[in-house]
Novice: 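Following this message is one structure expressed as structure tokens.
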2 protein chains.
Amino acid sequence: MNTTINDVAKAAGVSISTVSRVLSDNPRISEDTKKRVRKAIKELKYHPNAIARSLANKATKTIGLILNTEAQTLIRNPFFIQAMTGISQYAQENGYNVMFAYNKNEDEDLNIAIRYITSRSVDGIILFTSRANDKCIEYLTKEHFLFSVIGRPDKTEGVLWVDNDNFQATYQVTDFLISKGHKKISFIGGPIGHNVSRDRFEGYKRAISVHGYTIDENITFLNGDFSEEFGYECLQKLIETCEFGEKFPTAIVTSDDMQALGVLSAMRKANISNIAVTGFNNTPVATCGNEVFVSVDVNAEKLGFYAAKLLLDKIEGEEDAPTHYIIPTDLVESKPFI
Amino acid sequence: MNTTINDVAKAAGVSISTVSRVLSDNPRISEDTKKRVRKAIKELKYHPNAIARSLANKATKTIGLILNTEAQTLIRNPFFIQAMTGISQYAQENGYNVMFAYNKNEDEDLNIAIRYITSRSVDGIILFTSRANDKCIEYLTKEHFLFSVIGRPDKTEGVLWVDNDNFQATYQVTDFLISKGHKKISFIGGPIGHNVSRDRFEGYKRAISVHGYTIDENITFLNGDFSEEFGYECLQKLIETCEFGEKFPTAIVTSDDMQALGVLSAMRKANISNIAVTGFNNTPVATCGNEVFVSVDVNAEKLGFYAAKLLLDKIEGEEDAPTHYIIPTDLVESKPFI
DNA sequence: AGAATCTGTGAAAACGCTTGCATAATCTAT
DNA sequence: ATAGATTATGCAAGCGTTTTCACAGATTCT
């Protein structure tokens, strides 16, 4: 069997209480004893059993991750894996493990959350979501279970969350385009149920109107999904309604690199090339065309990192820790691949 | 506090042993008692504490995932997240949790493995690797700790692993190109330290020679990395050495979609368009150009699924379970995006 | 010198569960 | 009717820690 605290105690000629205290560097133990015990620990290659610790401490030192996303999105958008690395990093630095469960739909999702909680397997949960009226949030709140959310939820009251300033992001990218001389800028949005979609649209609107232009509904596409297909369709509609020439936008602000990809694809097919396109997520795809391309990097790794920080600070009972973080976005101008 | 087995026992008027036995549906308990206990369980909303269970059972019902990969690769290649979903799925179906730790380098990686094991936090480990002489494998083997590997390791003896038949994959794709009439086919390989690179090259070689052609070193690029840059460079070298015309290959077999992307990019820049390019991983990027493009789908989700199966079957002490799985690959011909 | 305080350590309970063994009650076979 | 087997349940030890409380011995104070 594995060496336990008992073996160490015996080897060092002390009681297990003393060993336990040496482990936590309790000041009540004399330096002499500490040395002796530590020597025994080393010689026996003793490592405390995490499970037994958890039981005694009523804390698992583990957090759970809940990914409620369609496989497609997960695969096409590096956002998730990036955020996960950020979470893992902060967790490791603070001696926490992270459990992860992938689910196809919201109901299963909730089940996982319930299982995590009721079986007391985790001390807290990080939720990937920006869905309106998320069931998990509701449940977790009701159960008074600690969690943090990546993506600003509907009701922020009493919940820990981290997000970009999506308003600011599209404002900035639109403003950037205007500063480059663009006067007619189209917008392609995401699913209307997500806060992120609304915010991005609002940011675009503001930038447009601040500069004295008006929103043209013919070149504004709302409530799509973050897909290539949608981007492609939008450009086709644009071609239909605007014909070419004056009415055609000189730039397009999209809400996702995949949408942008669809737009670029459609452009290439229609043999249009002088339209600036922007996206979100700074996906590798961005460099795929030979066009200049601007993408908003949402710093997913940081989003994850701070989501973990929010949660762990709360778990550790930190007083007056912040309740949310806004992670700045970066405009990344990818040159055509050299 | 939370309701424990004691509360249930009291409510049902039985001992905790009985409750425990009802939980595991022990046949020695009478149906009558079972009903009574189950009623109490429901009423009290009792859920067994996973930690306490683990301690008593000396099993955590948790497996650990170790990702030793550069962030870049992780982000650009959906392979990992796909495999992870497969793992999560099989684990969930069998009542296991999965822990995940992301690391930048091999040493930290080993540390995580050591921590997982020495603290007894997991029952087994899944390793993502195809690195020659992996330190983790060595360590895990030495410690007699259960693990499975995604990617065929150097020494397969006594280790559980799952992989594609990479030889077969490039053989197939090369053969496919030849059947389409291509006679001069270039090859772009991956890092020579990985088995996967060697296998893919061998498959290509075999297909070429089986059809009576010979390998031309001038159009064969080995020991690169799985990157866009490398693909780009290769095509440039091709242009330099082959000039255009007869000596130029009519098709290029690459070892990764990213390499293929680089090739396509360079082609576009040099205004070449009639060269068939193939890749690996069936990345969304594949559809990025408007060219026809063939990618080998490695079925990453299945790789993960079976890696989990191998491990869990072993953990559960399944007799004569297989020691490895070969997951078939699929040739995916992506039409130019409509 | 005796009381009060401080230091360093150990005994034992607690965390919430599983399981081997014991036992009481019922049933079967003689 | 009685020994033996069977069925249904409980007792208590054990899993490997942490932590409260107690206490012995050393130190300080009056």
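Just so it is clear: chains get the letters A, B, ... in the order the sequence lines come, proteins before strands, and each one is counted from 1.
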Novice: When you measure from the side chain of B/S88 to the backbone N and O of B/M84, does any donor-acceptor pair fall under 3.5 Å?
Specialist: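 No; judged by distance alone, with no hydrogens or angles, the pair does not exist.
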Novice: With a cut-off of 3.5 Å and sequence neighbours excluded, list every side-chain donor-acceptor pair involving residues 34-41 of chain B.
Specialist:
unit_1, atom_1, unit_2, atom_2, d
B/K34, NZ, B/D25, OD1, 2.9
B/K34, NZ, B/N26, O, 3.2
B/R36, NH1, B/A12, O, 2.8
B/R38, NH2, B/D25, OD1, 3.1

Novice: Looking at residues at least two apart in the chain, or sitting in another chain, which of them share a side-chain contact (heavy atoms from CB on, under 4.5 Å) with B/H47?
Specialist: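 For B/H47 the side-chain contact (heavy atoms from CB on, under 4.5 Å) partners, ignoring immediate neighbours, are A/T118.
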Novice: Does anything in residues 113-124 of chain B pair up under salt bridge (Lys or Arg N to Asp or Glu O under 4.0 Å), and if so which pairs, sequence neighbours excluded?
Specialist: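 Those involving residues 113-124 of chain B do not exist here.
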Novice: Within the pair A/K58 and C/dG16, is there a side-chain N or O less than 4.0 Å away from OP1 or OP2?
Specialist: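 Yes, such a contact exists.
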Novice: Please report, rounded to the nearest Å, how far the C1' atom of C/dG8 is from the CG atom of A/N26.
Specialist: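 Spelled out: CG on A/N26 to C1' on C/dG8 is 10 Å.
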Novice: For B/Q89, enumerate each residue passing the side-chain contact (heavy atoms from CB on, under 4.5 Å) test, keeping only those at least two apart in sequence or located in another chain.
Specialist: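 So B/Q89 forms a side-chain contact (heavy atoms from CB on, under 4.5 Å) with A/K104, B/E93, B/E301, B/F305.
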Novice: Please report the C-alpha distance between A/E316 and A/K309 in whole Å, then the side-chain angles of each, then the deciding distance to 0.1 Å, and finally whether the salt bridge (charged side-chain N to carboxylate O under 4.0 Å, His left out) criterion is met.
Specialist: CA-CA 10 Å; A/E316 303 278 346; A/K309 181 166 169 51; over 6 Å; no
Novice: How long is the span from the CD1 atom in A/I125 to the CG atom in A/L146, to the nearest 0.5 Å?
Specialist: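 Separation between the atoms: 10.0 Å.
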Novice: Heavy atom of residues 117-124 of chain B under 4.0 Å from DNA chain D: which residues?
Specialist: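 The answer is none.
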Novice: Nearest whole angstrom, please: distance from the C1' of C/dT18 to the NZ of B/K61.
Specialist: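 In whole Å, C/dT18 C1' lies 14 Å from B/K61 NZ.
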Novice: Please give the angle, rounded to 10 degrees, between the axes at the start and the end of the helix from C/dA1-D/dT30 to C/dT30-D/dA1, where five pairs define each axis.
Specialist: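 End-to-end axis angle for the helix from C/dA1-D/dT30 to C/dT30-D/dA1: 50°, rounded to 10°.
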Novice: Quick one: OG1 on A/T33 to CZ on A/R21, what's the gap to the nearest 0.5 Å?
Specialist: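 Those atoms lie 11.5 Å apart.
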Novice: What pairs with B/F80 under ring-ring contact (aromatic ring centres under 6.0 Å, His included), at least two apart in sequence or on another chain?
Specialist: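 B/F128.
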Novice: Report the distance from atom OH of B/Y116 to atom CD1 of B/I63, rounding to the nearest 0.5 Å.
Specialist: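 It is 10.5 Å, given to the nearest 0.5 Å.
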Novice: Scan residues 28-39 of chain B against DNA chain C and write down, sorted by residue number, each residue with any heavy atom closer than 4.0 Å; if none is found, say none.
Specialist: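 DNA chain C contact set from residues 28-39 of chain B: none.
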Novice: Can you tell me the distance, in whole Å, between the CD1 atom of A/I5 and the P atom of D/dG14?
Specialist: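 Atom CD1 in A/I5 sits about 18 Å away from atom P in D/dG14.
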Novice: Counting only heavy atoms and a strict 4.0 angstrom limit, can you tell me which residues of residues 42-57 of chain B come near DNA chain D?
Specialist: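 Those residues are B/L55, B/A56.
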Novice: Given side chains that start at C-beta, do those of A/V98 and A/T62 come closer than 4.5 Å, heavy atoms only?
Specialist: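 When only atoms from C-beta onward are counted, A/T62 and A/V98 do not touch, as no gap falls below 4.5 Å.
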Novice: Give, ordered by number, those residues of residues 14-23 of chain A having at least one heavy-atom distance below 4.0 Å to an atom of DNA chain D; if nothing qualifies, reply none.
Specialist: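 By residue number: A/I16, A/S17, A/S20, A/R21.
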Novice: Ion pair present between A/R152 and A/E157, side-chain N to carboxylate O less than 4.0 angstrom?
Specialist: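 Salt bridge absent between A/R152 and A/E157.
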Novice: Quiz question: by atom type and distance under 3.5 Å, do the side chains of B/N164 and B/N299 form a donor-acceptor pair?
Specialist: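 No - no donor-acceptor pair under 3.5 Å links their side chains.
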Novice: Using the test side-chain contact (heavy atoms from CB on, under 4.5 Å), find all partners of A/S20 that sit at least two apart in sequence or belong to another chain.
Specialist: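 With sequence neighbours excluded, A/S20 shows a side-chain contact (heavy atoms from CB on, under 4.5 Å) to A/I5, given in chain and number order.
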Novice: Under the side-chain contact (heavy atoms from CB on, under 4.5 Å) rule, collect the residues that match up with B/A52, sequence neighbours excluded.
Specialist: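 A/L55, B/N49.
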